[in-house]
Each structure stands twice: as C-alpha cells, then as structure tokens.
**Q** 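Have a look at this one before I ask anything.
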Amino acid sequence: MPRPKPATRRWSRRRPILVFIAPATIIYSVFMVYPLLDSLRRSFFDDDGNYAGLANYDTLFTNPTFSDRFWGALGHNFEFFAFHMVLQNPIGLLLAVLLTAQSVRGLNIYRTLIFLPTTLSVVIVGFIWRLILSPLWGVTESFGIDTPLLGESGTVLPTLSLISVWQWVGIPMIFFYAVLIAIPKDLIEAARVDGAGSWQVFRDITLPLILPMLGIVSVLTYIGNFNAFDLIFQVKGIVAGPDYASDIMGTFFYRTFFGASGTTGSAAMGATVASVMFLIILVGVLLYMFGWQRRVSTYEL
C-alpha cells in the first residue's frame, strides 16, 4: 500500500485546525475587517460617491467647522485617558495587592463588590450618577457644593472620567490579581527571610513580574478610552455639553456621521473621522508593541 505524500500528511494535520478557526475568522472578517476597510475606502469619496482623494481629510483638519471640534474632542480624549492611567490602573493594582493579602477577611466579597460595577449597563450607571450628582437632591447639595459638577465646563469632564474610573476599576484589578496569585510564594518568603520589607518585595520581585501585564492593561485602557462613547452620550447627550466641554472622539464621530441639533450628517466625513480614530489607536498600539513589549522581560511563573 503506497504511503501518503508529505504534503497530504501536512494537510491532514492542518485540516482540523482550519475547521475550528474558519468560523471565527469568517465572522470576524465580516463584522470587523470588512467595515473597517470599507470605512477607510469611504473616507476618500464624497457623499455622492465621487472620488475626492484627501479632500475630506483636508476639510477635517483645516475647515473651522470640523477642525475646532476635532481638536477639542481629541484633547478631551487624551484627558479622559490620562485620568484612567493615573487613577484607574494604579488603584486597580493597589486593590489587587490588598486582595492577595491573606490577613484580610472576606476577600471574595470585596473582590465581587469591586468588580460588580463593570457588569452594570452604562445606561444604568449614567442614570444613577446623574441622580447622585443632581444639584437639587444629590450629594452636592448635602455637602454644600454650589457648583453643578455635570453642568460646568471646568468640572464635567473630570467628573465623567471619575465615574468611568469607578465603573471600570475592576477590570485592571482582575488582570493584576490573576498575575499576583500566580507568583510563587517561595519567592516572597525567601525575600522576607533575607530581610526584605514589604516595599522591597514589591519593588524587586512583584513589580518586575507584573510589568508585562501592566503594559497589556495600559494598551487596553488606551484602546477602550479612544473608543469611549456610551457614558458621555448617556449623561450629556450627543452635543456633549456644556459648550462641548465633554466632547470626545466618539461623540464627535456620531454627530459628524448622523448629524445633531438640526444639522445634516455626512457619511463621507463620518468615515474620515472613523479612519482618523483608527489611525490614532493604531499608533498607540504600535508604540506599545515596539516601544514597550519588546523591552520588557517575561518570566515563567
């Protein structure tokens, strides 16, 4: 009986893999890759379907009607991201460290309570915090705060950022917690036997081991923040008031594509804004991959 050819044997081994991968690949391509590529293509045409080259990008960056709102939304998005990087991720790491302490009772209860807000609908979160911060019956009245935190240009974006941090702090906490509980206790005990304190153990052992996860959490925070939309939309509406003070790229894209306040939307300009958002996110991901991931050592735990 003739033996099967090497190419036939390789195909026999790979066929089950392709069978399992094909459905997910097809679904991802139809609902993710194709819309992305079509948006990029659409940004080079006008609303009538005529090829416009880079005219839409020129309008976005130079026409005051679009450029003022674009640069404002982009700046607000970086501010929104900064709040999450400076507050959410460090707090998530601190909570993860505290939850790994064996001396604390009820760790499972605390972990559940901290993670619980991430399971709530953003609509519910936005509605609840609008009630909490209401100048008529909310906590601002109880504490004698005269400034409506969601009604002033200088306070609305920091307030919304803190609400978002409160809701999503459980995500980095769980990521860091999963790494911390995987660190062998022998390493910690050996360091303590050598006289290392809690800070030295964290600095010299824990931190180097969680650095890869720190990079992953940071890039996920970046992607999530530059795709943010629902909280701002739920609390402040599509105009992201007051006076566009809470406007970010997601709300700016929505207004550009669908229109708002009596203005007509533009599919071509909406696709242009979406393409620029994709490029901004892509640059951040590339900086992570080539500026961080390649320089951080990964250890087997």
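For the single chain, residues carry numbers from 1 onward in sequence order. Only heavy atoms go into these numbers, but all of them, side chains included; no hydrogens, no water, no symmetry mates.
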**Q** Do the side chain of S246 and the main chain of G241 share a donor and acceptor less than 3.5 angstrom apart?
**A** yes
**Q** So how far is it from M269 CE to F66 CZ, rounded to the nearest 0.5 Å?
**A** 4.5 Å
**Q** L93 vs V217, test: side-chain contact (heavy atoms from CB on, under 4.5 Å). Steps then yes/no.
**A** CA-CA 10 Å; L93 176 58; V217 170; over 6 Å; no
**Q** Output the distance between atom OG (S43) and atom CZ (F278), rounded to the nearest 0.5 Å.
**A** 11.5 Å
**Q** Got more than 12 heavy atoms from elsewhere within 6.0 Å of CG, L286?
**A** yes
**Q** Are W71 and M249 in one and the same hydrophobic cluster, where Ile, Leu, Val, Met, Phe, Trp and Tyr link if side-chain heavy atoms are under 4.5 Å apart?
**A** yes
**Q** Mind checking whether L211 and V285 sit in one hydrophobic cluster, side chains of I, L, V, M, F, W, Y counted as touching below 4.5 Å?
**A** yes
**Q** Please report the C-alpha distance between V125 and W166 in whole Å, then the side-chain angles of each, then the deciding distance to 0.1 Å, and finally whether the side-chain contact (heavy atoms from CB on, under 4.5 Å) criterion is met.
**A** CA-CA 10 Å; V125 171; W166 170 83; 4.0 Å; yes
**Q** Decide yes or no on side-chain contact (heavy atoms from CB on, under 4.5 Å) for Y110 and L98, but give the supporting numbers first.
**A** CA-CA 10 Å; Y110 291 133; L98 293 176; over 6 Å; no
**Q** Is there a side-chain contact (heavy atoms from CB on, under 4.5 Å) between F115 and I171 once you walk through the steps?
**A** CA-CA 7 Å; F115 190 77; I171 298 296; 3.9 Å; yes
**Q** Hey, does the side chain of T256 reach the backbone of F252 with a donor-acceptor pair shorter than 3.5 angstrom?
**A** yes
**Q** For V122, does its backbone N or O pair with a side-chain atom of D230 as donor and acceptor, under 3.5 Å?
**A** no
**Q** Is it possible for you to say whether L214 and L287 belong to one hydrophobic cluster, with membership spreading through side-chain heavy-atom contacts below 4.5 Å?
**A** no
**Q** Are F127 and L116 linked, directly or through intermediate hydrophobic residues, by side-chain heavy-atom contacts shorter than 4.5 Å (ILVMFWY only)?
**A** no
**Q** When you measure from the centre of the six-membered ring of F45, is the NZ or CZ of R41 under 6.0 Å away and within 45° of the axis?
**A** yes
**Q** Checking side-chain hydrogen bond (donor to acceptor under 3.5 Å, both in side chains) between N225 and each of Q88, E79, H84, which is the one that passes?
**A** H84
**Q** Quick one: pull up OH in Y244 and CZ in R255 and give me the separation to the nearest 0.5 Å.
**A** 5.0 Å
**Q** Taking the side chain as every heavy atom from C-beta outward, state whether L150 and L160 have any atom pair closer than 4.5 Å.
**A** yes
**Q** With distance as the sole criterion, is a donor-acceptor pair present between the side chains of S266 and D47 under 3.5 Å?
**A** yes
**Q** Taking the side chain as every heavy atom from C-beta outward, state whether P148 and E152 have any atom pair closer than 4.5 Å.
**A** yes
**Q** Residues in side chain to side chain donor-acceptor pair (under 3.5 Å) with D186, at least two apart?
**A** none
**Q** Between D46 (side chain only) and D48 (backbone N and O only), is there a donor and an acceptor less than 3.5 Å apart?
**A** yes
**Q** Rounded to the nearest 0.5 Å, what separates atom CE in M289 from atom CG in L282?
**A** 9.5 Å
**Q** What residues, two or more places apart in sequence or in another chain, satisfy side chain to side chain donor-acceptor pair (under 3.5 Å) together with T65?
**A** N63
**Q** Using links of under 4.5 Å between side-chain heavy atoms of ILVMFWY residues, direct or through other members, which residues join F20 in one cluster?
**A** none
**Q** Determine whether Y288 and Y222 make a side-chain contact, defined as any pair of heavy atoms from C-beta on separated by less than 4.5 Å.
**A** no
**Q** Would you please test H76 and F80 for ring pair (Phe, Tyr, Trp, His ring centres under 6.0 Å) and show each step?
**A** CA-CA 6 Å; H76 294 157; F80 193 72; over 10 Å; no
**Q** Do any N or O atoms from the side chain of S161 and from the backbone of L157 form a donor-acceptor pair under 3.5 angstrom?
**A** yes
**Q** Are side-chain heavy atoms of L95 and Y177 found at a separation under 4.5 Å?
**A** no
**Q** May I ask you to test the L133-I163 pair for a side-chain heavy-atom distance under 4.5 Å?
**A** yes
**Q** Is the closest side-chain heavy-atom distance between F233 and I238 below 4.5 Å?
**A** yes
**Q** Taking the side chain as every heavy atom from C-beta outward, state whether M277 and F226 have any pair of such atoms under 4.5 Å apart.
**A** no
**Q** So with a 6.0 Å cut-off around CZ of F61, is the heavy-atom count from everything else above 12?
**A** yes
**Q** Just wondering, do L54 and F44 contact through their side chains at under 4.5 Å, heavy atoms?
**A** yes
**Q** Nearest 0.5 Å, please: how far is OH in Y254 from CZ in F258?
**A** 5.5 Å
**Q** Distance from I109 atom CD1 to I114 atom CD1, nearest 0.5 Å?
**A** 12.0 Å
